[in-house]
Amino acid sequence: MMHDTAKAADATFLLLDWYDRHHRDLPWRVAPPMARKGVVADPYHVWLSEVMLQQTTVQAVKAYFNKFLMLWPTVIDLAEANIEDVMKAWAGLGYYARARNLKKCAEAVAGEHGGRFPDNEEGLKALPGIGDYTAAAVAAIAFNRRSAVLDGNVERVISRLYAIETPLPAAKSEMRARVLDLTPEDRPGDFAQAMMDLGATICTPKRPACSLCPFRASCLALAMADPETFPRKAEKKQKPLRLGAAFVAIDRSNAVYLQKRADTGLLGGMTEVPGTGWTARRDGETSIDAQPFAASWEPCGTITHVFTHFELRLSVYRANVQRAETGANGWWEPIASLKAQALPTVMKKAIAQAIPHAFKAERI
DNA sequence: AAATCGGGGAT
DNA sequence: ATCCCAGATTT
């Protein structure tokens, strides 16, 4: 039996019907008219988009997805790419471990799977950077496998549809069972994308458009008159403030001194300007005491940047430096080519604070 | 189970 | 200011 209840089958039909009428055209997606004929998207495209979309909005991903396909049209191309080029292309998208795992995964697919992605959840989940969600999503969307696709959108839809009182993340296994029960044998990929679209456009965190929802007749949270209070969530603690300093050295040819961060941890493998550690300063210690090399450092203000689990305030210093006076850790990069470096946003902010025109378009 | 890991848009 | 986004990995 496809569904535990006839009610679940009704809900599934209503959602797919809604998707056929409202689906969004996205670069990695096969539209319903083709999907209904059994056409599936390229697994490489589906995987690439799903990894980019982890904790990242559709709007932010579009440009990066197109850029990656242009640079590396197949998973083989990506497997053979230079990791430094991949980090540069990923710069600005965040969660940089994704980029390193992306490269590792491409290498595994090319080297151990003959260039083809595994066509099932178990095989997919064994690959780097692919967890419960991405394995289920790729299996459903690229291989028509019936799997429980549960992301933040679906958690919200399901928690409201069934008025689930258990707070996240403890409620995940219950939600997964509910989603799988709703998932049809036919068009599981379209069903998954429909659930996510519903969460993104109708069943929104604030002020959901319940009157337009295909589930409006059976939603228990709507019947209780408080759909916005779902999903229940455990409380989160507030972010601490960390302090530090960044040093922007400029030579006579208008180049900036850069270095590479360690491959693991925060901003792992990305490029930075020299700086202090990012912690609450001890009594009596000042940022300028931690200069990377002797120079006439001039303070040029502070920048702030908010990370997932702390807020950072960086004092920015600038100095004109001769090349012979620096250490051997890094390299000098012309200002004109800074834009193409693997600089995370916080580092672009620091450099822009010291050199306001650094990332502006060239003027003739 | 809790902590780590970015960045930006919506409200 | 707060929330949250097509989450995964490590501790």
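Proteins come first, then strands; the chains are lettered A, B, ... in the order of their sequence lines, and each starts at number 1. Everything quoted here is computed from the prediction, not taken from an experiment.
Ring centroids of A:His305 and A:Phe307 are separated by less than 6.0 Å, placing the two rings close together.
For the pair A:Met52 CE and B:dG6 C1', the interatomic distance rounds to 15 Å; values are reported in whole Å. The CZ-P distance, from A:Arg176 to C:dG7, rounds to 13 Å in whole Å. The distance between atom CG of A:Leu312 and atom P of B:dC5, rounded to the nearest whole Å, is 13 Å. In this structure, A:Arg98 places its CZ atom 17 Å from C1' of C:dT10, rounding to the nearest Å. As rounded to whole Å, 15 Å separates atom C1' of B:dG9 from atom CG of A:Leu53. The CD atom of A:Glu235 sits 13 Å away from the P atom of B:dA2 (whole-angstrom rounding). Rounding to whole angstrom units, CH2 of residue A:Trp90 and C1' of B:dC5 are separated by 13 Å. Between A:Trp278 atom CH2 and B:dC5 atom P there is a gap of 10 Å when expressed in whole angstrom units.
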Under the salt bridge (Lys or Arg N to Asp or Glu O under 4.0 Å) criterion, do A:Glu84 and A:Lys88 qualify, and how do the steps go?
CA-CA 6 Å; A:Glu84 305 301 336; A:Lys88 288 176 182 175; over 6 Å; no
Where do A:Arg29 and A:Asp25 land on the salt bridge (Lys or Arg N to Asp or Glu O under 4.0 Å) test, with the steps shown first?
CA-CA 7 Å; A:Arg29 184 177 275 186; A:Asp25 201 15; over 6 Å; no
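When the nucleotides C:dC3, B:dG7, C:dA6 are ranked by their closest atom to the side chain of A:Phe307, B:dG7 comes out on top. You'll find that the side chain of A:Asp132 is closest to C:dA8, out of C:dA6, C:dC4, C:dA8. With distances taken from any side-chain atom of A:Gln54 to the nucleotides B:dG6, C:dA6, C:dG7, the minimum falls on C:dG7. Of the candidates C:dC4, C:dA6, B:dG6, B:dG6 carries the atom nearest the A:Leu267 side chain, counting heavy atoms from C-beta on. Here the nucleotide nearest the side chain of A:Thr308, chosen from B:dC5, C:dC4, B:dG7, is B:dC5.
Ranked by how close their nearest DNA chain B nucleotide is to the 5' end, A:Tyr95 and A:Lys237 are led by A:Lys237. If A:Lys206 and A:Thr345 are placed on DNA chain B by their nearest nucleotide, the residue sitting closer to the 5' end is A:Thr345. Comparing A:Lys172 and A:Lys233, the nucleotide of DNA chain C nearest to each residue sits closer to the 5' end for A:Lys233. Residue-to-nucleotide proximity on DNA chain C shows that, of A:Gly129 and A:Asp197, the 5′-proximal contact is made by A:Asp197.
There is a side-chain donor-acceptor pair under 3.5 Å between A:Tyr133 and A:Glu50.
For C:dA8, one of the phosphate oxygens OP1 or OP2 lies less than 4.0 angstrom from a side-chain nitrogen or oxygen of A:Thr134. Between A:Thr56 and C:dC5 there is no side-chain polar atom (N or O) within less than 4.0 angstrom of OP1 or OP2. A:Arg156 has a side-chain polar atom (N or O) that falls below the 4.0 Å cut-off from OP1 or OP2 of C:dC5. A sub-4.0 Å separation between OP1 or OP2 of B:dC5 and a side-chain N or O of A:His309 is present. Dashed line: the shortest gap from a side-chain N or O of A:His305 to OP1 or OP2 of B:dG6 is not under 4.0 Å.
Here A:Gly265 lies in heavy-atom contact (under 4.0 Å) with sugar-phosphate atoms only. Nucleic acid contact for A:Val58: base, since at least one base atom lies under 4.0 Å from a heavy atom of the residue. A:Leu102 comes within 4.0 angstrom of no nucleic acid atom, judged by non-hydrogen atoms across all strands. Note on A:Trp28: a base of the nucleic acid sits closer than 4.0 angstrom, heavy atoms only. Across all strands shown, A:Pro344 has heavy atoms under 4.0 Å from sugar-phosphate atoms exclusively, and none from any base. Residue contacts shown for A:Ile130 are limited to sugar-phosphate atoms, with no base heavy atom under 4.0 Å away.
Across B:dG6 and C:dC3, the matching C1' atoms stand 15 Å from one another, rounded to whole Å. Taking the P atom of each, B:dT11 and C:dA6 are spaced 13 Å apart, rounded to whole Å. Here the separation of C:dC4 from B:dC5, taken at their C1' atoms, is 16 Å to the nearest Å.
The 12-atom threshold is not exceeded at CZ of A:Phe13, counting heavy atoms of other residues, nucleotides or ligands nearer than 6.0 Å.
Counting all heavy atoms, side chain and backbone alike, A:Arg160 lies closest to A:Pro227 at NE-O, 2.7 Å.
Test A:Asp251, A:Val256, A:Thr326 against A:Val321 for side chain to side chain contact (heavy atoms under 4.5 Å, CB included) and you get one pass: A:Thr326.
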